Amino acid sequence: MQTFISFLGVVVGALGAGFGLYQYRRNQIWRETEFVANQTKEFFADDSVRKALRILDWEKRFIDLLADKPPVFVTRDMLREALKHGPDATKFTHEGAAIRDVFDTYFTRLEAFEQFIKAGVIEFRQIEPYQRYWAGILAGQRPKILDPETIKVIWGFLHDYGYNDAMALMKRYHPAPIQFAT
């Protein structure tokens, strides 16, 4: 009888430990989900990120770029001029510098997600739905929205200015080599 009680104690203890581990893992998943939700919310709430996404999504659009100035009619030509790189990237209009600042912030904020993934804080699957559309645009999957010439300029900008984690994150969505990343 004492053997049975000891065995029962071990079984109850093991069940309790298993339930404790289950609860712990559920709590961890909740924390990760909450972290991703907060990071995503902050990302999309950033004014520069919202401006960058509007510029990417529209061929021509009025954007509030300069404080206390009327909105600027931003075109693809202006975007390509603002994100030029290499030896030609020395002089910019005020509007071009503002566009460049918007995209610097966007790509810097985007890099944080890749850094969280690399650090093991989150998994790609947790943020994948939030950036899928934008990754498709930047990878050339939606040529009616963003033309190949502009994509080439953007990827050249990313490459030349060392936005390696932003490029790595985009390649998680579209692992085939992106032809514009030169």
Side-chain angles (χ1 to χ4, degrees), residues 35-118 122 124 126-174 178-182:
F35 177 78
V36 169
N38 286 334
Q39 291 300 314
T40 301
K41 182 179 177 183
E42 288 178 24
F43 176 82
F44 286 110
D46 186 298
D47 193 46
S48 288
V49 168
R50 288 195 321 270
K51 289 175 185 179
L53 297 178
R54 282 192 299 258
I55 291 169
L56 288 174
D57 206 25
W58 293 85
E59 188 175 343
K60 301 172 189 172
R61 177 110 188 228
F62 281 102
I63 305 289
D64 290 317
L65 287 177
L66 305 168
D68 302 325
K69 301 274 185 183
V72 175
F73 192 65
V74 178
T75 65
R76 290 288 184 242
D77 288 338
M78 289 176 71
L79 175 59
R80 286 189 296 272
E81 185 66 21
L83 297 184
K84 64 185 175 184
H85 49 277
D88 297 333
T90 56
K91 294 184 180 180
F92 301 96
T93 64
H94 291 294
E95 293 85 2
I99 292 169
R100 198 175 181 91
D101 290 344
V102 160
F103 277 87
D104 278 331
T105 300
Y106 170 63
F107 292 128
T108 298
R109 297 288 312 259
L110 195 60
E111 285 197 306
F113 289 107
E114 179 65 16
Q115 292 163 5
F116 293 144
I117 292 168
K118 286 179 178 176
I122 63 174
F124 173 66
Q126 294 171 301
I127 65 151
E128 193 270 337
Y130 300 108
Q131 299 291 340
R132 182 185 311 125
Y133 176 77
W134 306 107
I137 288 175
L138 290 169
Q141 302 297 313
R142 294 178 173 84
K144 291 182 179 179
I145 295 174
L146 194 62
D147 61 280
E149 181 184 351
T150 303
I151 293 169
K152 183 176 181 178
V153 170
I154 291 170
W155 279 85
F157 176 85
L158 289 167
H159 181 265
D160 282 5
Y161 290 98
Y163 287 106
N164 298 327
D165 284 335
M167 291 186 293
L169 182 64
M170 293 300 104
K171 288 178 181 180
R172 285 182 187 272
Y173 287 90
H174 300 283
I178 295 173
Q179 300 298 317
F180 308 106
T182 58

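Numbers here are sequence positions counted from 1. Keep in mind that this is a model prediction, so the values were computed, not measured. When reading the values below, keep in mind they use all heavy atoms of this one structure, side chains included, and skip hydrogens, waters and symmetry mates.
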State whether the side chain of R50 and the backbone N or O of A45 hold a donor-acceptor pair below 3.5 Å, judged by distance alone.
yes
Measuring from atom CD of E81 to atom CE of M78, what distance do you get when rounded to the nearest 0.5 angstrom?
9.5 Å
For L66 against A98, the heavy-atom pair lying closest together
CD2-CB, 3.7 Å
Passes side-chain contact (heavy atoms from CB on, under 4.5 Å), Y163 versus L169? Steps please.
CA-CA 10 Å; Y163 287 106; L169 182 64; over 6 Å; no
Any chance you could lay out the side-chain contact (heavy atoms from CB on, under 4.5 Å) test for I117 and R172, step after step, and finish with the verdict?
CA-CA 11 Å; I117 292 168; R172 285 182 187 272; 3.2 Å; yes
Would you call E149 and R76 a salt bridge, taking side-chain N to carboxylate O under 4.0 Å as the test?
no
If we count only N and O atoms by modelled type, under 3.5 Å, do the side chains of Y106 and D46 hold a donor and an acceptor together?
no
I need the minimum non-hydrogen distance between A139 and H174, along with the two atoms involved.
CB-CD2, 3.4 Å
In the structure I gave you, are the side-chain heavy atoms of F44 and L53 within less than 4.5 Å of one another anywhere?
yes
Which distance, rounded to the nearest 0.5 Å, do you find between the CG of L110 and the CD of Q115?
10.0 Å
Ignoring hydrogens and geometry, is there a side-chain-to-backbone donor-acceptor pair from E111 to N164 under 3.5 Å?
yes
How about R100 and F157: do any of their side-chain heavy atoms sit closer than 4.5 Å?
yes
To check you understand the geometry: which heavy-atom pair defines the closest contact between Y133 and R142, and what is its length?
O-NH1, 3.2 Å
Is the F43 to F113 ring centre distance short of 6.0 Å?
yes
Say you draw a straight line from CD of E114 to CD of Q131; how long is it, rounded to the nearest 0.5 Å?
11.5 Å
Hey, could you give me the CD1/CD1 distance between I63 and I55, rounded to the nearest 0.5 Å?
5.0 Å
Do R61 and V74 have side chains that approach each other closer than 4.5 Å (heavy atoms only, starting at C-beta)?
no
Note, H85 side chain near H159 side chain (heavy atom, < 4.5 Å):
no
Donor-acceptor contact below 3.5 Å, side chain W155 vs main chain M167
no
Y173 side chain vs E128 backbone, donor-acceptor pair below 3.5 Å:
yes
If the threshold is 4.0 Å, N to carboxylate O, is there a salt bridge linking K51 and D47?
yes
Just verifying a value: how many Å separate F35 CZ and I127 CD1, rounded to the nearest 0.5 Å?
10.5 Å
How far apart are the C-alpha atoms of R54 and D64, what are their side-chain angles, what is the distance that settles it, and do they pass the salt bridge (Lys or Arg N to Asp or Glu O under 4.0 Å) test?
CA-CA 11 Å; R54 282 192 299 258; D64 290 317; over 6 Å; no
Please find the pair of heavy atoms, one from A166 and one from L158, that lie closest to each other, and give the distance.
CB-CD2, 4.2 Å
Side-chain contact test, heavy atoms from C-beta onward, threshold under 4.5 Å: evaluate it for L146 versus W134 and give yes or no.
no
Minimal non-hydrogen separation, G96 against A82, with atom names:
O-CB, 3.4 Å
Heavy atoms only: give me the nearest L56-I145 pair and the separation to one decimal.
O-CG2, 3.6 Å
When rounded to the nearest 0.5 angstrom, what distance separates OG1 in T75 from NZ in K60?
8.0 Å
Any heavy-atom pair between the side chains of V72 and I99 that's under 4.5 Å?
no
For F107 together with Y161, are the ring centres under 6.0 Å from each other?
no
